[in-house]
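Read the structure below first, then the notes.
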Amino acid sequence: MSTPSSDRIRWIEHKGKRILLHDFSHITNPFDVLPAVEASRAIVAVQPKGSLLALTDVTGSRFNKEIVDALKSLANHNKPFVKAGAVVGLSGLQRVVYVAITQFTGRRLPTFETAEQAMDWLVEQ
C-alpha cells in the first residue's frame, strides 16, 4: 500500500524545529484538498502522539460542505498527535468554518495574521 502524497503537506523548519505545513491556501475545489487531507493523515499517523507542531494556511480558500467535512475529520484525526497547531489566512466566512471545526474537535488552534507569527508561537510551545 502506498502512502498518499501531496505537495500541500510538507515539513518546514523554523528556528531549529520541524513544523508540518498544511498548505490549504487558494483551494476552491474539493478535488484539490482531498489528496492533501489523505497525505496529512498518513504523515501524522506515524508521528509520536503529542509531538507534532502544525501550521495550517487557508489564505484565499473557499470552502463547501465537502471541504469542511474533510477538514473536520482531519483535525479530529490529527488531534492526538499534535502538540500545538496554528492557523493563518482566515478571513470572512472562513472564520465561521474555523469556529465550527474547533467546536467539533475541541482543538485549540490559535489564529495569526502571518505565517511568521504563527511559526514563532509554535516553536515556543
Please report the shortest heavy-atom distance between [X] and [Y], naming the atom on each side.
{"X": "Asn64", "Y": "Pro30", "value": "ND2-CG, 3.3 Å"}
{"X": "Phe31", "Y": "Pro35", "value": "O-CD, 3.1 Å"}
{"X": "Leu122", "Y": "Ala54", "value": "CD1-O, 3.6 Å"}
{"X": "Ile101", "Y": "Ala75", "value": "CG2-CB, 3.8 Å"}
{"X": "Ala39", "Y": "Ile9", "value": "CB-CG1, 4.1 Å"}
{"X": "Ala84", "Y": "Trp121", "value": "CB-CZ3, 4.0 Å"}

Gap between atom [atom2] of [Y] and atom [atom1] of [X] - 0.5 Å precision:
{"X": "Thr28", "Y": "Ile67", "atom1": "OG1", "atom2": "CD1", "answer": "7.0 Å"}
{"X": "Leu74", "Y": "Lys79", "atom1": "CG", "atom2": "NZ", "answer": "13.5 Å"}
{"X": "Ile12", "Y": "Arg18", "atom1": "CD1", "atom2": "CZ", "answer": "11.5 Å"}

Polar contact flag, side-chain donor to acceptor under 3.5 angstrom, Ser73-Arg41: yes

Residues Asp120 and His14: side-chain donor-acceptor under 3.5 angstrom: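 Looking only at side-chain atoms, His14 and Asp120 do form a donor-acceptor pair, the distance falling under 3.5 Å.
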
Backbone N or O of [Y] within a donor-acceptor pair of the [X] side chain at under 3.5 Å?
{"X": "Lys17", "Y": "Val123", "answer": "yes"}
{"X": "Arg62", "Y": "Ile27", "answer": "no"}
{"X": "Thr102", "Y": "Val99", "answer": "yes"}
{"X": "Ser61", "Y": "His26", "answer": "yes"}
{"X": "Lys72", "Y": "Phe104", "answer": "no"}
{"X": "Gln47", "Y": "Ile43", "answer": "yes"}
{"X": "Tyr98", "Y": "Leu109", "answer": "yes"}
{"X": "Arg8", "Y": "Ser25", "answer": "yes"}

Within 6.0 angstrom of Glu13 CD, more than 12 heavy atoms from elsewhere: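 Atom CD in Glu13 is packed in, count exceeds 12.
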
Test side chain to side chain contact (heavy atoms under 4.5 Å, CB included) applied to Ser40 and His22, step by step: CA-CA 8 Å; Ser40 174; His22 293 83; 2.7 Å; yes

Given Ile19, Asp23, Leu20, the one that forms side chain to side chain contact (heavy atoms under 4.5 Å, CB included) with Leu55: Ile19

Hydrophobic cluster membership, Val87 vs Leu21, 4.5 Å side-chain cutoff: no

hydrophobic_cluster_shared for Trp11 and Val46, side chain cutoff 4.5 Å: no

Leu52 vs Asn78 side-chain heavy atoms within contact, under 4.5 Å: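 A side-chain contact under 4.5 Å is absent here.
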
Check: Glu66 and Leu34 side chains under 4.5 Å, non-hydrogen atoms: yes

Worked verdict on Met119 versus Leu53 for side chain to side chain contact (heavy atoms under 4.5 Å, CB included): CA-CA 9 Å; Met119 291 185 298; Leu53 299 176; over 6 Å; no

Derivation and outcome, side chain to side chain contact (heavy atoms under 4.5 Å, CB included), residues Thr56 and Phe24: CA-CA 7 Å; Thr56 303; Phe24 294 142; 3.8 Å; yes

